[in-house]
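A short worksheet on the structure shown next.
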Amino acid sequence: MSFRSKTAAYFSFLMQNVPHTRRDRAVLAVLGGISKLYEKGVEIKYKAFAGGKRKQEKLPAVVIGLGNITIGGTGKTPTACMLARISQGQGDRVALLNRGYRSRAEHQTAIMSDGTQLLLSAAEGGDEACLMARSLPGVPVLVGRERTTSGRMAIERYGAEVLILDDAFQHWPLIRDLDIVLIDATNPFGNGYLLPRGILREPLEHLNRAGLFIITKTDQRDSD
């Protein structure tokens, strides 16, 4: 097992409600302190956007954000594809915006697919964006951290009327018409702590920004 895997396994163990050693409790105390600082940073950033100190932009399209409040997989990719297909089926010109996490295009704006063909490889645009592009014929898929820029490009080049933002609940520069939050039924909020003491990206009270919740992995939850 690699060092990274061992570290991830240890952090996962620390978050469980089981007896911990003195060393474990010391680590948890440090992580708890960092979590408080992280929470303060999140609050400052969010209030800067909400209070108008940092610019938010409204694009001439219906903008739907899809995301979660925890780290880890909650089924965002298949849900984003499902929403795109529904919108496409209703006759809307829809485009999907993905961050392209850890790809070469993450810090720029690029087109993974124009709806007819792939224009980037998975290495260039990211595995998730590549999967989406292959699954969504007729739907342009754009990648880049700045969703305002990629959204504007989707409107100008493809006449997009609906923009679906993948993993965007914490992306505040672009105003959404609807925020959809996915919640993992097998582990909704972890141990209730923010990163790195827990798995929460934001305080739970921030869920009031969401207009719709989708509970995922219900088939994997124990019946009891």
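For reference, positions follow the sequence shown, starting with 1.
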Would a 4.5 Å heavy-atom cut-off, applied to side chains only, mark D177 and K58 as touching?
-> yes

So which heavy atom on M132 is nearest to which on A80, and how close?
-> CE-CB, 4.0 Å

Is R54 close to K45 at the side-chain level, that is, under 4.5 Å between some pair of heavy atoms?
-> yes

Ionic contact status for R152 with E57, cut-off 4.0 Å = yes

Are I214 and V162 linked, directly or through other ILVMFWY residues, by side chains that come within less than 4.5 angstrom of each other?
-> yes

Closest non-hydrogen atom pair between G151 and L163, with its separation = CA-CD1, 3.8 Å

Quick one: are Y193 and L31 in side-chain contact, heavy atoms under 4.5 Å?
-> no

Validate the cation-pi geometry between R209 and F169: distance from NZ or CZ to the six-membered ring centre under 6.0 Å, angle to the ring axis within 45°.
-> yes

Can you name the nearest heavy-atom pair linking V42 to P203, along with the distance?
-> CG1-CD, 4.4 Å

Could you check I175 against V63 for side chain to side chain contact (heavy atoms under 4.5 Å, CB included), going step by step and ending with a plain yes or no?
-> CA-CA 7 Å; I175 296 173; V63 180; over 6 Å; no

Stepwise side chain to side chain contact (heavy atoms under 4.5 Å, CB included) test for S135 and R85 = CA-CA 10 Å; S135 303; R85 291 191 193 99; 3.7 Å; yes

Between F189 and the options D184, I199, I69, the side-chain contact (heavy atoms from CB on, under 4.5 Å) test singles out I69

For Y101, does the OH atom have more than 12 heavy-atom neighbours from other residues, nucleotides or ligands under 6.0 Å away?
-> no

Between side-chain atoms of residues 136-149 and protein atoms elsewhere (two or more places apart, or another chain), which donor-acceptor pairs fall under 3.5 Å?
| from | atom 1 | to | atom 2 | distance (Å) |
| --- | --- | --- | --- | --- |
| R147 | NE | R145 | O | 3.2 |
| R147 | NH1 | D166 | O | 3.0 |

What class does the angle between the rings of H20 and F13 fall in, given that below 30° is parallel, 30 to 60° is tilted and above 60° is perpendicular?
-> perpendicular

Work out which heavy atom in A129 is nearest to a heavy atom in M112; give both atom names and the distance.
-> O-CG, 3.6 Å

Specify the closest pair of heavy atoms between S87 and V94, including all atoms of both residues, with the distance to one decimal.
-> OG-CB, 3.8 Å

Specify the closest pair of heavy atoms between A105 and G125, including all atoms of both residues, with the distance to one decimal.
-> CB-CA, 4.5 Å

Under the 3.5 angstrom rule, does the side chain of N191 hit a backbone N or O of R197 as a donor-acceptor pair?
-> yes

